[in-house]
Amino acid sequence: MYTHSKQIITSGVPVQRAKKAVVMLHGRGGTAADIISLQKVLKLDEMAIYAPQATNNSWYPYSFMAPVQQNQPALDSALALVGEVVAEIEAQGIPAEQIYFAGFSQGACLTLEYTTRNARKYGGIIAFTGGLIGQELAIGNYKGDFKQTPVFISTGNPDPHVPVSRVQESVTILEDMNAAVSQVVYPGRPHTISGDEIQLVNNTILK
């Protein structure tokens, strides 16, 4: 089993000059450079962009629906790494309410898991095809108040990795924690990010 070394690619506006930042988390088998390439289509022009790279290109070894202990220590290491990135951004003077998160697939699951375990007012949370992590969701892990943070969660129906039922379960938990959630389910959409999702996120979360 593995843990993650701290490798972070940055892009966008230099953090010293930026008023906002985004933490971008790639999917299984992907890279930090892959997810950063979304800056061509997402409205990230004013942001400092941070994209950590997972060891072995995977944040945790098994499905996000597997028992959590099977995904350890990689999962805890991934959550800690995201926490380090957030702390680094805050240390540069950007407050939590100006920090955004965006992830795809495994990165979307990690995005939701990190932010829901550390709920507070963030700039916005974008989970392209994702849900909270675990065979059963450990509600006791999810604490705090999102204070109406806008959240976008999507999936396809059916999706090979992310069942609609888990997305709905995750949405309920986030809404109970005072997040403003938009959920979109695309019938028959392959496991990818569609143009429609990009447009929706640009018009709601990143406007």
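- Taking both residues in full, the closest heavy atoms of Ala32 and Ala51 are given as CB-O, 3.4 Å, listed atom of the first, atom of the second, then distance.
- Here CG of Leu110 is found 11.5 Å from OG of Ser105. Values are rounded to the nearest 0.5 Å.
- In terms of modelled atom types and a separation under 3.5 Å, the side chain of Gln92 and the main chain of Val15 share no donor-acceptor contact.
- Looking only at distances, a side-chain donor or acceptor of Arg166 sits under 3.5 Å from a matching main-chain atom of Gln135.
- More than 12 heavy-atom neighbours from other residues, nucleotides or ligands sit within 6.0 angstrom of NZ on Lys43.
- Taking all atoms of both residues into account, the shortest heavy-atom contact from Leu81 to Pro52 is CD2-CB, 3.9 Å.
- No side-chain donor-acceptor contact under 3.5 Å links Gln53 to the backbone of Ile9.
- Counting non-hydrogen atoms of neighbouring residues, nucleotides and ligands closer than 6.0 angstrom, the CD atom of Glu84 exceeds 12 such neighbours.
- Using a 4.5 Å heavy-atom threshold, the side chains of Asp176 and Tyr142 count as separate.
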>> As a quick check of understanding, evaluate side chain to side chain contact (heavy atoms under 4.5 Å, CB included) for Thr115 and Thr149, giving each step before the final call.
In response: CA-CA 10 Å; Thr115 53; Thr149 296; over 6 Å; no
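- The aromatic rings of His4 and Trp59 lie tilted to each other, with the angle between the two planes from 30° to 60°.
- Annotation: side chain of Ile99 is in contact with side chain of Glu90 (closest heavy-atom distance under 4.5 Å).
- Taking CG of Leu75 as the reference point, atom CD of Gln70 lies at 12.0 Å (rounded to 0.5 Å).
- Separating the CG atom in Asn141 from the CZ atom in Arg117 is a distance of 4.0 Å, to the nearest 0.5 Å.
- Follow the hydrophobic side-chain contacts under 4.5 Å out from Val171 and you reach Phe64 in the same cluster.
- The aromatic rings of His191 and His161 sit perpendicular, their planes meeting at an angle over 60°, well past the 30° parallel limit.
- Thr204 places a side-chain N or O within donor-acceptor distance of the main-chain N or O of Leu200, the cut-off being under 3.5 Å.
- Pairing each heavy atom of Met24 with each of Ile49, the nearest pair is SD-CG2, 3.6 Å.
- One side chain, Asp34 or Thr31, offers a donor N or O that lies under 3.5 Å from an acceptor on the other.
- Residues Arg189 and Thr129 bring a donor and an acceptor atom of their side chains to less than 3.5 Å of each other.
- Taking NZ of Lys20 as the reference point, atom CE of Met47 lies at 5.5 Å (rounded to 0.5 Å).
- You'll find the side chain of Ile173 reaches within 4.5 Å of the side chain of Ile139, heavy atoms only.
- Placement of Val185 and Val181 in two distinct hydrophobic clusters is found when ILVMFWY residues are connected by side-chain heavy-atom separations under 4.5 Å, directly or transitively.
- Hydrophobic cluster membership differs between Tyr50 and Leu44, with clusters built from Ile, Leu, Val, Met, Phe, Trp and Tyr side chains linked at under 4.5 angstrom.
- Within 6.0 Å of the CD atom in Glu136, the count of heavy atoms belonging to other residues, nucleotides or ligands does not exceed 12.
- The shortest side-chain heavy-atom distance between Ile198 and Leu38 falls under the 4.5 Å cut-off.
- Interatomic distance, Thr192 OG1 to Tyr186 OH, rounded to the nearest 0.5 Å: 11.5 Å.
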> After noting the C-alpha distance and the side-chain angles of Asn178 and Gln148, does the key distance pass the side chain to side chain contact (heavy atoms under 4.5 Å, CB included) rule?
Replying inline: CA-CA 5 Å; Asn178 197 18; Gln148 290 293 295; 2.7 Å; yes
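- Ring planes of Phe152 and Phe128: perpendicular class, angle over 60° (limits at 30 and 60°).
- Residues Val22 and Leu42 form no side-chain contact, since every pair of their non-hydrogen atoms from C-beta on lies 4.5 Å or further apart.
- One N or O on the side chain of Arg28 and one on the backbone of Tyr62 form a donor-acceptor pair closer than 3.5 Å.
- With hydrogens and angles ignored, the 3.5 Å screen pairs a side-chain donor or acceptor of Thr172 with a backbone N or O of Gln168.
- The closest donor-acceptor contact from the side chain of Thr55 to the backbone of Ser5 lies under 3.5 Å.
- Between Glu113 and Leu79 the shortest side-chain heavy-atom distance falls below 4.5 Å.
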> Which is it for Phe146 and Tyr122 under the side chain to side chain contact (heavy atoms under 4.5 Å, CB included) test, yes or no, and what are the steps along the way?
Replying inline: CA-CA 7 Å; Phe146 277 115; Tyr122 294 112; 4.2 Å; yes
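- Tyr100 and Tyr114 fall into different hydrophobic clusters, where Ile, Leu, Val, Met, Phe, Trp and Tyr residues are linked whenever their side-chain heavy atoms come under 4.5 Å apart, directly or through other members.
- Counting only distance, with no hydrogens or angles, the side chain of Gln199 and the backbone of Asn203 share no donor-acceptor pair below 3.5 Å.
- Counting heavy-atom neighbours within 6.0 Å of Lys121 NZ, excluding the residue itself, gives a total above 12.
- Using a 4.5 Å heavy-atom threshold, the side chains of Lys6 and Glu88 count as touching.
- The shortest distance between side-chain heavy atoms of Ile35 and Leu25 does not fall below 4.5 Å.
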>> Between Tyr60 and Gln106, is the side chain to side chain contact (heavy atoms under 4.5 Å, CB included) condition met? List the steps.
In response: CA-CA 8 Å; Tyr60 41 85; Gln106 196 188 48; 3.3 Å; yes
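- Of the possible polar contacts, none joining the Asp159 side chain to the Val164 backbone as a donor-acceptor pair under 3.5 Å is found.
- Hydrophobic clustering, with ILVMFWY side chains joined whenever heavy atoms are under 4.5 angstrom apart, groups Ile193 together with Ile126.
- Smallest separation of non-hydrogen atoms from Met177 and Gly144: CE-O, 3.8 Å.
- Here the closest heavy-atom approach between residue Cys109 and residue Gly130 is recorded as SG-CA, 3.8 Å.
- Taking both residues in full, the closest heavy atoms of Gln39 and Ser11 are given as NE2-OG, 3.0 Å, listed atom of the first, atom of the second, then distance.
- For the atom pair CG (Leu132) and CE (Met65), the distance works out to 11.0 Å, reported to the nearest 0.5 Å.
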